[in-house]
Amino acid sequence: FTNILLADEINRAPAKVQSALLQAMEERAVTIGDSTFHLPRPFMVLATENPIEQEGTYPLPEAQLDRFFMKCLIAYPSADEEKQILKRHDTNTVEKISPVVDVNALEAAKKTIEMIYVDEKLVEYIVALVRATREPGKGDVAKFIEFGASPRASIALMKAARCIAFIRGRGFVTPDDIKEIALDILRHRVVLSYEAEAAGVTNDDVVMRI
């Protein structure tokens, strides 16, 4: 019961623990026995995965992956960033943290984002992109896809494109907004075939081709 929940190395949590997050992420509520408790708003789940070490891990089921708005790949820090990490670690002190926004401002921003204009042609573009992961036709990409993205991906892609437009200070979405965020929205929602794994084709490769 918090605003931001961080599940560190979520793939180390047993399946039963992972499934407990499903209702929380979808319905913003938790049911215990006959009682349902609503979570505070805003509520967000952030999770990390270690892509290198797989021993003792539990792969996340597709249903749970689909409930994550996006999956971002984080590389190692730069040399300068790593120096900052060392300096902070060495002093063993925590910087004073001050709020930069309150709940009311977040809610107002959310309402503004929902009003950002998306042209009908761009709605069709989003639907075409997502459907292409489910119905890739007979091209090279078809053999690499086991399962495509659900309608949740279409909803997330339009929301994310509106967020990009908001950050850029625009009241309308462009095709570039959709392209900019498509990988983060789709990479964890496309399930690859064994043929893709054998060929060394990644989720990003497939989404970029689509």
Not counting sequence neighbours, list each pair that qualifies as a salt bridge (Lys or Arg N to Asp or Glu O under 4.0 Å) and has a residue in [range].
range: residues 148-157; answer: Glu26-Arg152, Asp66-Arg152
range: residues 123-134; answer: Arg131-Glu135
range: residues 201-210; answer: Arg187-Asp204

For Leu46, the other hydrophobic cluster members (4.5 Å side-chain criterion, sorted by chain and number) are Ile4, Leu6, Met44
With sequence neighbours left out, what residues match [X] under side-chain contact (heavy atoms from CB on, under 4.5 Å)?
X: Ala165; result: Ile116, Arg170, Val173, Asp177
X: Ala47; result: Ala7, Ile10, Phe68
X: Lys179; result: Tyr125, Asp176
X: Ala149; result: Val130, Thr133, Ala153, Leu186, Arg189

Partners meeting side chain to side chain donor-acceptor pair (under 3.5 Å) with [X] (sequence neighbours left out):
X: Thr2; value: none
X: Asp119; value: Tyr117
X: Glu114; value: none

Can I get a per-line list of side-chain donor-acceptor pairs under 3.5 Å for residues 27-41, giving both atom names and the distance, sequence neighbours left out?
| unit_1 | atom_1 | unit_2 | atom_2 | d |
| --- | --- | --- | --- | --- |
| Glu27 | OE1 | Gln23 | NE2 | 3.4 |
| Arg28 | NH1 | Met25 | O | 2.2 |
| Thr31 | OG1 | Gln23 | OE1 | 3.4 |
| Thr31 | OG1 | Gln23 | NE2 | 2.8 |
| Thr31 | OG1 | Thr36 | OG1 | 3.2 |

